[in-house]
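Reading through the structure tokens given below for one structure.
All values derive from a computational prediction rather than experimental measurement. Any value given below was found using the heavy atoms of this structure, including those in side chains, with hydrogens, waters and symmetry copies removed. The chains referred to below are lettered A, B, ... by the order of the sequence lines, with proteins before strands, and numbering in each begins at 1.
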Amino acid sequence: MTEQDALFDYCLRIGDSSLIIGHRLSEWCGHGPILEEDIAIINVSLDLVGQARSVLDYAGKIEGKGRSEDDLAYLRDVAFYRNHLICEQPNGDYGRTIVRQFLFDSFHYLFLNELVNSKDDFFSGYAEKSLKEVIYHMQHSTKWMLRMGDGTEESHRRVQEPLNDLWRFTGEFFAVNEVDKILISNGIAVDLNKIKPKWKQYVREIIEDATLTLPTNDWEQLGGKEGRHTEHLGFILAEMQFLPRAYPDATW
Amino acid sequence: MANENWPLWEVFIRSRQGLNHKHVGSLRAADQEMAIENARDVYTRRSEGVSIWVVLSANVHASNPSDKGPMFDPAEDKVYRHPTFYDIPDEIGHM
Amino acid sequence: MTKAEEEFQAKIDRDIKIEPKDWMPDAYRKTLVRQISQHAHSEIVGMLPEGNWITRAPSLRRKVALLAKVQDEAGHGLYLYSAVETLGTDREQTIDDMHSGKAKYSSIFNYPTLSWADMGAVGWLVDGAAIVNQVALQRTSYGPYSRAMVKICKEESFHQRQGYELLIHMCNGTKEQKEMAQDALNRFWWPSLMMFGPSDTDSPNTAQSMAWRVKRYTNDDLRQQFVDITVPQAEFLGLTIPDPDLKMNEETGHYEFGEINWEEFFNVVNGNGPCNRERIAARSNAKKNGSWVIDAANAYAEKQRMKKKVA
């Protein structure tokens with residue numbers, strides 16, 4: 001694998017993760033638990049899709065084959081997507097969405113917080129800009145974890161269950177593959193091992209404050225970074241890519 | 001469960017440094033942090049603000065419109081509170 | 001007329017805005033609650049036909065634009081509900097009335113969005129019609145309603161441009177895209193004209209609403225204004241308005257148009273539109289499925305207050 005290949009793959013990992021989880025959040029539009037929260041979660045979705053656009057645009061430039069952000073988003077099949085598996089998991093009820101978002105946001109924040117030091121100018125600038133948005137995302141999902149965990153019996157149950165379910169996807173945040181190794185050696189990528197203990201500590205604290213129980217199952221479900229996904233991504237792409245696939249000659 | 005609505009909050013936004021906070025509307029939120037966040041998401045989507053105040057609507061005490069006469073009319077004839085009440089010779093210039 | 005009513009009407013006639021705590025006739029208050037909440041419900045139900053295409057938007061640029069637009073509608077609904085609350089009416093109560101069918105919303109949102117061109121047609125025609133109505137309402141006599149309208153109009157102009165730009169693109173695109181655009185116009189033209197409500201001769205509330213300056217123009221006046229603005233825009237797109245009777249009257253300078261199918265209108269208003277059941281179900285499910293979230297936040301806030309008290 002060349003450095004260029006690694007860099008392209010790394011862009012996809014970052015861009016696809018934001019795009020897919022942003023897409024999932026956009027499914028809430030018009031169906032949120034209350035108007036104010038509908039607006040809040042769509043703001044998060046807009047931030048994430050916006051971030052995805054800029055990274056995918058950069059990915060196309062790195063690749064050098066003239067593919068645009070839309071070519072990459074709309075004309076790649078499942079096996080070529082590099083997002084974390086947690087991002088593609090279904091929304092479920094609002095509790096499940098919040099748990100998924102909390103686990104991702106807390107990782108995303110710590111990740112960008114390191115990426116600002118990247119030797120790649122695009123990444124450092126991107127991280128700095130995105131960080132402002134992601135700090136807000138993390139506050140939002142963290143507060144909801146507390147409210148739901150330490151709210152009513154019902155709400156407690158409605159976040160504990162998805163927490164147990166989704167926990168197996170969190171190991172992937174820190175899984176290192178060849179892409180990381182190449183890019184860490186030249187100071188471009190984030191050393192995931194460095195942020196792992198910080199993430200564990202933060203998440204443990206919030207889970208405790210929320211009177212929830214830390215899941216004990218430590219099995220790590222990996223694959224997203226290599227294009228091996230869960231069954232859900234295929235349906236997301238079938239829906240998302242429908243128009244450009246059905247009308248290949250059209251532009252929109 | 002309780003099925004109680006979240007309380008209503010009045011929202012005030014400072015649109016830029018140097019200006020007063022201005023009332024822009026209301027919203028529902030369970031606590032003050034949520035009220036501020038919701039105000040940010042609802043009322044400043046187009047960078048309309050640099051600072052937000054939220055006040056529980058129940059804590060706003062308003063003057064009564066039927067007292068409008070006694071409340072505000074007496075100020076009308078106190079012209080001596082305004083600079084134009086006093087004659088200053090032109091040669092003094094602006095004062 | 002009582003003395004209070006006379007004073008009230010005199011204020012209205014001098015274009016002095018009525019504010020929340022001012023005395024107002026009960027009927028005025030009721031009219032406002034009905035009209036403003038209906039307006040708010042329309043914004044919220046209006047999120048659904050467009051929300052239908054968010055996950056299928058054909059480019060990322062279109063996706064964020066549509067998402068931001070639909071989110072704006074939630075915001076506009078909220079501005080309006082907040083005006084309703086100044087009248088001492090609980091917004092959730094009016095929302096429940098909508099879910100039970102007691103309160104109405106704009107009938108246009110009971111039509112399905114079947115192709116991507118519909119996102120253009122909704123922005124261009126539905127928002128276009130809404131803007132004509134809302135611009136007039138900026139001068140409505142009730143202060144909070146008027147201020148909400150000013151804010152909404154400011155934000156709304158991007159909506160219509162977003163839709164029209166999308167259609168320009170499709171009309172200059174492939175044959176299939178142009179056909180989609182024409183089909184969208186065919187389906188949305190008449191329902192857009194219906195958005196202004198029944199004809200003046202058939203609109204029982206108009207006279208009183210005009211006298212109170214809640215409404216500033218009649219339904220038919222606004223409808224005419226909309227047709228006059230929109231016909232040249234359709235011509236620019238190279239699309240045909242599905243009305244064989246449409247023609248310019250050189251004498252009046254206005255377009256004449258064919259008879260609106262009022263039977264369809266009243267049927268759709270009263271529940272027989274293609275999507276009424278789905279729209280109501282979607283909104284009442286959102287509320288039902290969200291109620292535990294509301295309760296959780298209340299319970300947590302209460303626990304925090306208790307903790308503070310102890311500490």
**Q.** Leading residue by heavy atom contact count with chain A [cutoff under 4.5 Å; candidates C/Ala301, C/Gly77, C/Ala57, C/Gly173]
**A.** C/Ala57
Q.
Surrounding CD of A/Glu128 (heavy atoms of other residues, nucleotides or ligands, distance under 6.0 Å), is the total greater than 12?
A. no
Q. Rounded to the nearest 0.5 Å, how far apart are CG of A/Leu35 and NE2 of C/His76?
A. 12.5 Å
Q.
Please rank A/Val49, A/Ile98, A/Asp70, A/Asp249 by heavy-atom pairs under 4.5 Å with chain C and give me the top one.
A. A/Asp70
Q. Do C/Asp295 and A/Ser155 have side-chain heavy atoms sitting under 4.5 Å apart?
A. no
Q) Based on non-hydrogen pairs under 4.5 Å, which of C/Glu73, C/Gln71, C/Lys303, C/Met47 is most in contact with chain A? A) C/Gln71
Q.
Is A/Ala250 close to chain C through its backbone or its side chain, or both, or neither, when contacts mean heavy atoms under 4.5 Å?
A. both
Q. Rounded to the nearest 0.5 Å, how far apart are CD1 of C/Ile294 and CD of A/Glu37?
A. 8.5 Å
Q: Between chain C and each of A/Met240, A/Arg24, A/Glu27, count heavy-atom pairs under 4.5 Å; write down the option with the most.
A: A/Met240
Q. For residues C/His169 and A/Thr251, is any side-chain donor paired with an opposing acceptor at under 3.5 Å?
A. yes
Q. Shortest non-hydrogen contact from C/Trp53 to A/Leu243?
A. CZ3-CD1, 4.0 Å
**Q.** Max heavy-atom pair count under 4.5 Å with chain A, selected residue of C/Lys287, C/Arg56, C/Met170
**A.** C/Arg56
Q | Heavy-atom contact with chain A under 4.5 Å, split by part of C/Lys288 | A | neither
(Q) Quick check on A/Trp144 against chain C: is it the side chain, the backbone, both or neither that has a heavy atom closer than 4.5 Å? (A) side chain
Q | Heavy-atom contact with chain C under 4.5 Å, split by part of A/Tyr247 | A | side chain
Q.
If I take atom CG from residue A/Asp71 and atom OG from residue C/Ser59, how far apart are they, to the nearest 0.5 angstrom?
A. 11.0 Å
Q: For A/Ile39 and C/Ala74, work out which heavy atoms get closest and say how close.
A: CG1-CB, 3.6 Å
Q. Looking only at heavy atoms, what is the nearest atom pair of C/Ala286 and A/Gly32, with distance?
A. CB-O, 3.7 Å
Q) Looking only at heavy atoms, what is the nearest atom pair of C/Gly290 and A/Pro33, with distance? A) CA-CB, 3.5 Å
Q) Where on C/Leu60 is there a heavy atom nearer than 4.5 Å to chain A: the side chain, the backbone, both, or neither? A) both
(Q) Please classify the contact of C/Leu166 with chain A as side chain, backbone, both or neither, using a heavy-atom distance under 4.5 Å. (A) neither
Q. For C/Lys104, does the NZ atom sit with more than 12 other heavy atoms under 6.0 Å from it, leaving out its own atoms?
A. yes
Q. Has C/Arg161 got more than 12 heavy atoms of other residues, nucleotides or ligands less than 6.0 Å from its CZ?
A. no
Q | Side-chain heavy atoms of A/Arg53 within contact of C/Val64, under 4.5 Å | A | yes
Q. When only pairs under 4.5 Å are counted, which of A/Glu153, A/His156, A/His31, A/Arg245 shares the most heavy-atom pairs with chain C?
A. A/His31
Q | Residue, of C/Leu67, C/Ile54, C/Thr174, that accumulates the most heavy atom pairs under 4.5 Å with chain A | A | C/Leu67
Q | NZ/NE/NH1/NH2 to OD/OE distance under 4.0 Å, C/Arg91 and A/Glu36 | A | yes
Q | Region of C/Met180 in contact with chain A, defined by heavy-atom distances below 4.5 Å | A | side chain
Q) Taking atom CG of A/Asp38 and atom CG of C/Leu78, what is their separation to the nearest 0.5 Å? A) 10.5 Å
Q | Part of A/Leu146 within contact of chain C (heavy atom distance under 4.5 Å) | A | both
Q: Please report the shortest heavy-atom distance between A/Asp93 and C/Trp292, naming the atom on each side.
A: OD2-CZ2, 3.8 Å
Q: Take C/Gln177 and A/Trp252, measure what side-chain contact (heavy atoms from CB on, under 4.5 Å) needs, and give me the verdict at the end.
A: CA-CA 9 Å; C/Gln177 284 177 302; A/Trp252 306 92; 3.4 Å; yes
Q | Flag if over 12 foreign heavy atoms under 6.0 Å of CZ, A/Arg157 | A | yes
Q. What residue in C/Arg283, C/Glu50, C/Gln304 has the most heavy-atom pairs under 4.5 Å with chain A?
A. C/Arg283
Q | Interatomic spacing from OG in A/Ser45 to NZ in C/Lys63 - rounded to 0.5 Å | A | 7.5 Å
Q.
Walk me through whether C/Val293 and A/Arg158 qualify under side-chain contact (heavy atoms from CB on, under 4.5 Å).
A. CA-CA 10 Å; C/Val293 180; A/Arg158 283 180 185 265; over 6 Å; no
Q) Picking from A/Lys143, A/His23, A/Met148, A/Glu69, which has the most non-hydrogen pairs under 4.5 angstrom with chain C? A) A/His23
**Q.** Part of A/Ile236 lying under 4.5 Å from any heavy atom of chain C
**A.** neither
